[in-house]
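Read the structure below first, then the notes.
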Amino acid sequence: FPTRRSSDLLSWTASTGSPASYILDERELKYEEALELARMADVLLQPSKTEGFGIPVLEAQLLGTPAITTRFGAMADFTLYGVSVPPVQPHSMGLGYAVMPNLTGIVEALHHVAPPSALDKADGKRAAQMVRANMSQAAVAANFEQLIALPKPKPAIGVVRYGQPP
């Protein structure tokens, strides 16, 4: 979207033939309030141009809310309950990549997940289990502890250190 104004969102939804039924609230919320909104929502829509870590996507699925994301970076792996829409095309940004979200694909995904019965509830349960098992603070800490405990690899043959003759 060019801007985050309600009029832009309204004109975009009208151009796609989608019903103009949405709530756009740009207030900054406390964490607990944001979680309650995610719990009450029919879907979490995150058509990102760049990859974030995806915490809102994980939290929504943990709460039983399906997510619609752009299939890029971690979002491709994290969207287990909902739809991960392929992007239109990648863009180089010098220090990384960004993608153009596929708005037509996002609208189709919204229509797919619109009736709650359209998604398999087992997928929602599997997504919540994955988040609890792999993404909790304790699980992430345990994974980092395992990585830190690994022996450091020896340099590969042919590696030259600066200031030392080969």
Side-chain angles (χ1 to χ4, degrees), residues 1 4 23-103 105-106 109-110 112-113 116-166:
F1 302 114
R4 291 175 33 147
I23 297 172
L24 180 65
D25 188 341
E26 297 185 49
R27 293 178 294 153
E28 187 171 328
L29 301 174
K30 293 179 184 173
Y31 180 69
E32 295 79 18
E33 294 171 325
L35 286 179
E36 187 58 28
L37 279 178
R39 183 182 335 253
M40 295 183 324
D42 294 323
V43 65
L44 173 79
L45 182 60
Q46 186 166 332
S48 301
K49 290 183 175 184
T50 59
E51 179 199 356
F53 183 69
I55 296 293
V57 172
L58 294 171
E59 290 169 336
Q61 294 175 108
L62 184 61
L63 297 169
T65 303
I68 297 175
T69 63
T70 299
R71 189 178 303 154
F72 181 64
M75 299 309 102
D77 297 325
F78 290 169
T79 308
L80 302 174
Y81 184 48
V83 180
S84 185
V85 179
V88 174
Q89 67 184 53
H91 298 281
S92 175
M93 294 176 47
L95 295 176
Y97 287 93
V99 294
M100 181 58 64
N102 181 342
L103 297 181
I106 290 166
L110 281 168
H112 175 72
V113 302
S117 61
L119 293 174
D120 184 353
K121 291 295 180 187
D123 287 341
K125 290 180 181 177
R126 280 193 293 276
Q129 289 170 345
M130 183 280 298
V131 173
R132 283 189 199 99
N134 300 309
M135 303 298 181
S136 69
Q137 192 174 24
V140 171
N143 286 335
F144 273 110
E145 287 174 3
Q146 290 175 359
L147 287 173
I148 291 169
L150 291 174
K152 291 184 180 180
K154 295 185 180 189
I157 296 174
V159 172
V160 177
R161 297 180 191 257
Y162 291 106
Q164 295 180 349

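Worth knowing before you read on, the calculation uses all heavy atoms, side chains too, and leaves out hydrogens, waters and symmetry mates. Numbering starts at 1 and runs along the sequence shown.
The side chain to side chain contact (heavy atoms under 4.5 Å, CB included) search around P87 returns T70, R71, V99, not counting sequence neighbours. Qualifying salt bridge (charged side-chain N to carboxylate O under 4.0 Å, His left out) partners for E36, counting only residues two or more places apart in sequence or in other chains: R39. Partners of T79 by side-chain hydrogen bond (donor to acceptor under 3.5 Å, both in side chains), not counting sequence neighbours, listed by chain and number: T69. Residues that satisfy the salt bridge (charged side-chain N to carboxylate O under 4.0 Å, His left out) test with R132, not counting sequence neighbours, are absent from this structure. In this view, N143 and Q146 satisfy the side chain to side chain contact (heavy atoms under 4.5 Å, CB included) rule, not counting sequence neighbours. Remark: A122 engages D120, R126 in a side chain to side chain contact (heavy atoms under 4.5 Å, CB included) (not counting sequence neighbours). Not a single salt bridge (charged side-chain N to carboxylate O under 4.0 Å, His left out) links D77 to another residue, sequence neighbours left out. For V88, the side chain to side chain contact (heavy atoms under 4.5 Å, CB included) partners at least two apart in sequence or on another chain are M100, N102.
Residue pairs meeting the side chain to side chain donor-acceptor pair (under 3.5 Å) criterion with at least one partner in residues 53-68, sequence neighbours excluded, are Y31-E59.
Across every non-hydrogen atom of A133 and A139, the tightest pair is O-CB, 3.2 Å. Nearest heavy-atom pair, P101 versus P47, reported as atom, atom and distance to 0.1 Å: CG-O, 3.2 Å. Scanning both residues, G82 and P66, for their nearest heavy atoms gives CA-CB, 4.1 Å. Across every non-hydrogen atom of L80 and A127, the tightest pair is CB-CB, 3.8 Å. Nearest heavy-atom pair, L63 versus A38, reported as atom, atom and distance to 0.1 Å: CD1-CB, 3.9 Å.
Within the model, atoms CD1 of I68 and CG of L110 stand 4.0 Å from one another, a figure rounded to the nearest 0.5 Å.
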